[in-house]
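Heads up: the structure comes next, in structure tokens.
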Number of protein chains: 2
Amino acid sequence: MSNAAPATIEDVARLAEVSIATVSRAIHTPDKVAKSTRQRVNQAIAITGYTTNAMARSLRMGRSNMILVLAPDIGDPNFSSILIGIENEARAHGYGVLIGHTQNDPERGLDYLKFLNSNQAAGLVLFTGHEPFGHQELAQRLPPTVAVFEPVFGAKVSYVGVDDTAGARKAAEYLLASGHRSIAFIGDSKTKLGHVRRRKGYDLALDAARITPDKRIVIDGEGSVESGRLAVEQLFMRDTLPSAFMCVNDATAVGVINGLAARGYDLPRDFSVIGFDDVAQATYLNPPLTTVRQPRSAIGRQAMALLLKQLAEPGESVEEILIMPDLIVRGSVTSAMRSR
Amino acid sequence: MSNAAPATIEDVARLAEVSIATVSRAIHTPDKVAKSTRQRVNQAIAITGYTTNAMARSLRMGRSNMILVLAPDIGDPNFSSILIGIENEARAHGYGVLIGHTQNDPERGLDYLKFLNSNQAAGLVLFTGHEPFGHQELAQRLPPTVAVFEPVFGAKVSYVGVDDTAGARKAAEYLLASGHRSIAFIGDSKTKLGHVRRRKGYDLALDAARITPDKRIVIDGEGSVESGRLAVEQLFMRDTLPSAFMCVNDATAVGVINGLAARGYDLPRDFSVIGFDDVAQATYLNPPLTTVRQPRSAIGRQAMALLLKQLAEPGESVEEILIMPDLIVRGSVTSAMRSR
DNA sequence: TTGTAGGCGTTATCAC
DNA sequence: GTGATAACGCCTACAA
């Protein structure tokens with residue numbers, strides 16, 4: 001609105017009747033400047049409303065104090081809480097956070113690569129499951145990076161996420177403890193690393209219970225609501241309905257619950273369903289969804305802590321931190337005894 | 001990863017055996033440089049993998065090609081689709097988009113103000129309903145700005161959003177057409193401008209139908225799931241249950257539906273419920289929610305178009321664009337004849 | 001304790 | 001058509 005150009009360090013210097021060097025010092029190394037001068041400078045800063053030009057600063061220093069968080073889908077229900085964990089930790093250490101939305105589009109990825117390439121961010125948090133792709137030359141110059149939530153596909157990048165296998169195992173064991181013996185697994189067992197790990201937890205639990213897995217009730221699905229609904233249809237058509245559904249995530253569980261309800265079944269009387277993630281919606285489902293809760297803010301916090309560590313000591317250390325999730329028991333699982 | 005510093009314009013110049021000025025021209029005004037030279041330059045660019053340093057560029061030009069989108073809550077179910085509209089339009093005009101998450105925290109707002117203050121973004125999109133607050137001096141120097149979704153409280157800022165009044169009126173009229181005469185309004189508010197407008201639509205519809213509004217069934221609420229649930233309790237306690245609930249947004253509707261279900265009522269047989277927003281979840285509710293759909297991507301697109309216009313002609317024009325929403329009929333409203 | 005001056009990577013204004 | 005060169009705003013040796 002106001003036309004006046006923002007005050008520069010020079011404006012402050014002139015007003016305080018010192019050199020710009022002194023102003024800079026008064027700001028960054030106050031003890032290296034005489035008390036009286038310092039006061040004059042501070043006054044001048046207050047009067048002019050001076051703010052250091054972050055761009056000029058970064059250009060000179062070859063490093064900014066912003067962290068870039070790259071996400072393919074801002075709408076992911078897990079994103080927001082993880083982000084808050086990241087932000088809190090970042091802010092506590094003087095970093096700001098900027099978010100880039102890639103939509104899994106290489107063009108957009110390139111935009112952000114250029115952003116990084118000109119030192120506009122000191123560090124990178126990847127929520128994408130992969131590096132910004134399609135532009136190898138640029139992608140080689142990434143700043144310290146940590147992947148969050150989803151591990152980066154085939155790369156040597158630090159990772160902080162949930163212990164999918166252990167979490168899924170907890171879920172499966174809970175189903176088993178409730179007396180279920182015929183437990184379907186709905187999700188992607190091949191490509192999505194996180195899903196594969198959850199599947200493994202399922203296998204482990206069944207194995208430990210000496211139950212031979214029934215391949216007919218392990219259904220593919222990419223983790224969408226629709227995929228859950230489709231799985232139900234498939235199972236129904238084949239007449240291989242299980243007594244319980246273990247879903248790779250809550251979205252899938254929503255689809256399963258819906259599919260079952262559409263078929264006229266009564267939940268949780270007729271079937272038990274368990275999810276993974278604990279999205280906000282889970283409480284409001286009918287029945288309220290029993291699920292495994294993502295330790296979201298812990299993931300964010302730890303990821304940022306790890307990134308800060310890498311920022312401090314640029315050694316090429318790659319760490320992987322897996323956080324143990326809790327089972328959240330609500331109403332969607334009941335004893336198998338009551339089933340059919 | 002790789003230690004080599006990114007190539008600069010100077011590296012390219014040296015390799016192509018021209019001056020840096022020529023390189024710059026070859027990039028930005030190719031016709032002003034001889035064909036043969038241009039080719040040499042392009043080759044050198046390819047070899048070195050040069051990308052122009054956006055920071056240096058912006059510093060020199062006093063203007064960047066990034067747009068900053070400020071949101072208080074990234075998790076808002078409306079945000080993601082609006083954002084996509086913004087991004088598509090921005091990208092089509094050579095702008096990149098960066099997102100700042102303020103969490104309604106002045107400290108964080110200040111961070112982004114500084115960002116803006118150093119010309120790191122050419123334009124600003126406000127999703128916040130207010131300007132970054134608590135820092136008047138800085139907030140005066142905002143770049144061209146447009147508010148989206150929620151109008152900015154008491155300010156002369158362009159705004160693009162849904163026509164709340166018309167949308168709410170459509171909803172109320174639909175309820176009326178279904179025979180309802182006792183229609184509660186849940187989520188009344190004095191502070192949230194959008195909510196005030198929706199209330200107005202409700203009033204208008206009732207008025208046109210010559211129904212005297214019953215203040216006892218207009219319930220306050222801030223638009224959360226919880227507020228919807230509470231409203232039901234309140235109405236139940238007072239024994240002033242209406243035949244239909246018009247909710248200020250879908251979140252409130254979720255709460256209402258839940259509260260009613262918890263009380264043992266059967267929807268939509270016993271009560272009709274209508275929402276506003278059409279969040280992704282709406283389809284999966286039980287019953288599927290009839291609601292007014294936010295024209296999200298249109299809002300985003302138009303907002304960005306407006307911003308681009310302001311960017312092109314820095315006149316202080318302030319426009320307000322209201323987009324008409326559609327009613328999405330699903331299963332949560334039935335004829336009043338069947339009710340109690 | 002303070003000031004001078006060089007340079008971070010660009011673009012733009014001059015000359016040639 | 002091309003090349004010096006002066007900014008943009010800042011930080012930091014190096015001098016004083």
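No hydrogens, no waters, no symmetry mates; every other heavy atom, side chains included, goes into these values. Residue numbering restarts at 1 for every chain, and letters A, B, ... go by the order of the sequence lines. Here the structure is a predicted model, which is why all the values come from computation and not from measurement.
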Qualifying ring-ring contact (aromatic ring centres under 6.0 Å, His included) pairs, either residue in residues 4-41 of chain A, two or more places apart: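 Matches after skipping sequence neighbours: none remain.
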Tell me which pairs pass ring-ring contact (aromatic ring centres under 6.0 Å, His included) where either residue lies in residues 82-116 of chain B, with sequence neighbours left out.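 Counting only pairs at least two positions apart or across chains, no ring-ring contact (aromatic ring centres under 6.0 Å, His included) contact touches residues 82-116 of chain B.
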Enumerate the protein-to-nucleotides 6-9 of chain D contacts in which both atoms are nitrogen or oxygen and the separation is below 3.5 Å.
residue, atom, partner, partner atom, Å
D:dA7, N3, B:R60, NH1, 3.4
D:dC8, O2, B:R60, N, 3.3
D:dG9, N2, A:A56, O, 3.4

All side chain to side chain contact (heavy atoms under 4.5 Å, CB included) counterparts of B:I27, not counting sequence neighbours: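 Once residues adjacent in sequence are excluded, the partners of B:I27 under the side chain to side chain contact (heavy atoms under 4.5 Å, CB included) criterion are B:V23, B:I45, B:Y50.
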Results of side chain to side chain contact (heavy atoms under 4.5 Å, CB included) for B:D163 - residues two or more places apart only: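 Only B:T165, B:A166, B:L322, B:M324, B:P325 meet the side chain to side chain contact (heavy atoms under 4.5 Å, CB included) criterion with B:D163.
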Apply side chain to side chain donor-acceptor pair (under 3.5 Å) to [X] and list each qualifying residue two or more places apart in sequence or on a separate chain.
X	answer
A:S118	A:Q120
A:R25	none
B:S80	none

Does a donor on one side chain sit under 3.5 Å from an acceptor on the other, for A:N78 and A:R296?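 A:R296 and A:N78 do have a side-chain donor-acceptor pair below 3.5 Å.
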Expressed as a whole number of angstroms, how long is the span from [X]:[atom1] to [N]:[atom2]?
X	N	atom1	atom2	value
A:Q120	C:dC8	CD	P	18 Å
A:I27	C:dT2	CD1	P	15 Å
A:R63	D:dT12	CZ	C1'	17 Å

Show me the pairs that pass salt bridge (Lys or Arg N to Asp or Glu O under 4.0 Å) and involve residues 30-57 of chain B, at least two apart or across chains.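 Pairs touching residues 30-57 of chain B that pass the test: none.
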Contacts of A:F79 that satisfy ring-ring contact (aromatic ring centres under 6.0 Å, His included) - sequence neighbours left out: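 A:F127.
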Residues of residues 29-42 of chain A with any non-hydrogen atom less than 4.0 angstrom from an atom of DNA chain D: list those, numerically ordered, please.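 Contacts with DNA chain D under 4.0 Å: none.
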Give me, pair by pair, the N or O atoms of the protein and of nucleotides 13-16 of chain D that are less than 3.5 Å apart, along with how far apart they are.
none

Please confirm whether the shortest side-chain N or O distance from B:T22 to OP1 or OP2 of D:dG3 is below 4.0 Å.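 For B:T22, the contact criterion (side-chain N or O under 4.0 Å from OP1 or OP2 of D:dG3) is met.
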